[in-house]
Amino acid sequence: MDEADSRSRADVERVLSSHVAAPVRVTFTDNGRVMLSSRRRDGFIEARVHHMFARADDETLAAVAQYLRRRTSRAARVLDAFIATHSDAIRVRARTVTLRHRGTHHDLALMFHELNEAWFESKVDARITWGAVPAKKRRRSIRLGTYAEREHLIRIHPALDQAWVPDYVVRTVVHHEMLHAALPAVIVGDRKIFHTREFRRRERAFPEFERATAWEDANIDRLLRGISR
């Protein structure tokens, strides 16, 4: 369903109400974070849905209705796939991000430039920064890097900016996130696949990948202790 075929609010309310077997009142929003929320009030359901759902087909609206009744994993998968394929409708409010390339021990800008030339034909135009220092609390896992597609921003966990962390480990994490910037996720059915076969092939082709992975496995507890103190 394209923009010209968008449903009216009344039509969305009618379809949802028929599935829920209760009156549904819809408010379209432009929220950049929450795509769907609801509450029961005075015998009806108030649903706040992103305006992208005006372009939803019957199957997707049935999943919305199921989500309003009870949040099942199947409904969540259908909605996640719909949102992923209509992400162009989400307006990201601009926010200022202070980029910190040069850490105490590792220079992300230098690594990014060298990797971009050697492995991406200088085509990756993402920005890169050290992430914010997390609050001190006990943790069981750590994400060493992230890529925010809409911001074109790579963040590297500050736990890696330590003298005992080898350069090749940081380079491998940066290379992984640059792959995300170079290879967008693929929608297959109701799934959004980030680590495709091509992604994994190029990741494993990086000469330092195996050594860096082994180092991370051997030192993950030390990294976690360092951010939990």
Legend entry - Worked verdict on I156 versus L144 for side-chain contact (heavy atoms from CB on, under 4.5 Å): CA-CA 6 Å; I156 304 300; L144 298 179; over 6 Å; no

Inset, instruction - Look only at the side chain of E117 and the backbone of E121, and say whether a donor-acceptor pair between them is shorter than 3.5 Å. - result: no

Legend entry - Euclidean distance, T104 OG1 relative to Q162 CD, rounded to 0.5 Å: 9.5 Å

Legend entry - Least distance between heavy atoms, H51 atom then F28 atom: CA-CD2, 4.0 Å

Inset, instruction - Look at R7 together with D58 and state whether they make a salt bridge at an N to O cut-off of under 4.0 Å. - result: yes

Legend entry - E203 and H176: side chain donor to acceptor below 3.5 Å: yes

Legend entry - G43 to P23 - nearest heavy-atom pair and separation: O-CD, 3.7 Å

Inset, instruction - For the residue pair R55 and H86, establish whether any side-chain heavy-atom pair is separated by less than 4.5 Å. - result: yes

Inset, instruction - Establish, from distance only, whether the side-chain atoms of D167 and H106 form a donor-acceptor pair under 3.5 Å. - result: yes

Inset, instruction - Measure the spacing between CG of L108 and CD1 of I154 and express it to the nearest 0.5 Å. - result: 9.5 Å

Legend entry - Check: S18 side chain, V15 main-chain N or O, donor-acceptor pair, under 3.5 Å: yes

Legend entry - Test item: H50 and L36 side chains (from C-beta on) under 4.5 Å apart, heavy atoms: no

Inset, instruction - List the atom of S38, the atom of I45, and the distance in Å for their closest heavy-atom pair. - result: CB-CG2, 4.1 Å

Inset, instruction - List the atom of A47, the atom of V24, and the distance in Å for their closest heavy-atom pair. - result: CB-CG1, 4.1 Å

Inset, instruction - Sequence neighbours left out, what passes ring pair (Phe, Tyr, Trp, His ring centres under 6.0 Å) with F120? Give chain and number order. - result: H175

Legend entry - Sub-4.5 Å side-chain heavy-atom contact between V165 and H105: no

Inset, instruction - Would you please name every residue forming a ring pair (Phe, Tyr, Trp, His ring centres under 6.0 Å) with F53, sequence neighbours left out? - result: F82

Inset, instruction - Check whether any side-chain heavy atom of V170 sits under 4.5 Å from a side-chain heavy atom of V173, and report yes or no. - result: no

Legend entry - Distance, nearest 0.5 Å, that separates CH2 of W130 from CG of D107: 9.5 Å

Inset, instruction - Give a yes or no on whether L110 and V174 share a hydrophobic cluster (residues Ile, Leu, Val, Met, Phe, Trp, Tyr; joining criterion: side-chain heavy atoms under 4.5 Å apart). - result: no

Inset, instruction - Enter the distance from R39:CZ to L68:CG here, rounded to the nearest 0.5 Å. - result: 14.0 Å

Inset, instruction - Check the surroundings of atom CZ in R102: do more than 12 heavy atoms from other residues, nucleotides or ligands lie under 6.0 Å from it? - result: no

Legend entry - Heavy-atom check, side chain of V124 versus side chain of W119, under 4.5 Å: no

Inset, instruction - Evaluate the side-chain contact (heavy atoms from CB on, under 4.5 Å) criterion for residues L99 and L153: first the C-alpha distance (whole Å), next the side-chain angles of each, then the deciding distance (0.1 Å), finally the verdict. - result: CA-CA 10 Å; L99 301 181; L153 180 62; 3.8 Å; yes

Inset, instruction - For the residue pair L79 and M35, establish whether any side-chain heavy-atom pair is separated by less than 4.5 Å. - result: no

Legend entry - Under-4.0 Å salt bridge between E46 and R25: no

Inset, instruction - For atom NE2 of H195, decide whether the heavy atoms of other residues, nucleotides or ligands shown that lie under 6.0 angstrom number more than 12. - result: yes

Inset, instruction - Spell out, yes or no, whether F44 and V64 are grouped together once hydrophobic residues are joined by side-chain heavy atoms under 4.5 Å, including indirect joins. - result: no

Inset, instruction - Rounded to the nearest 0.5 Å, what's the gap from CG on D125 to CG on N116? Could you check? - result: 8.5 Å

Legend entry - Residue pairs passing the salt bridge (Lys or Arg N to Asp or Glu O under 4.0 Å) test where at least one lies in residues 168-182, sequence neighbours excluded: R171-E208

Legend entry - Separation of T172 OG1 from M111 CE (nearest 0.5 Å): 9.5 Å

Inset, instruction - Using atom types as modelled and distance alone, determine if a side-chain donor or acceptor of R201 lies under 3.5 Å from a backbone N or O of T196. - result: no

Legend entry - Ring-face cation contact, Y147 with R155, 6.0 Å cut, 45° max: no

Inset, instruction - Hey, can you tell me if F194 and H180 have their rings parallel, tilted or perpendicular (30° and 60° cut-offs)? - result: perpendicular

Legend entry - L160 reachable from W164 in the ILVMFWY side-chain graph, under 4.5 Å edges: yes

Legend entry - Shortest non-hydrogen separation from L16 to L61 and the atoms involved: CD2-O, 3.4 Å

Legend entry - For the student: nearest non-hydrogen atoms of T98 and T129, plus distance: O-OG1, 3.8 Å

Legend entry - Donor + acceptor pair across side chains of S8, D11 (<3.5 Å): no

Legend entry - S17 side-chain N/O to E13 backbone N/O, donor-acceptor pair under 3.5 Å: yes

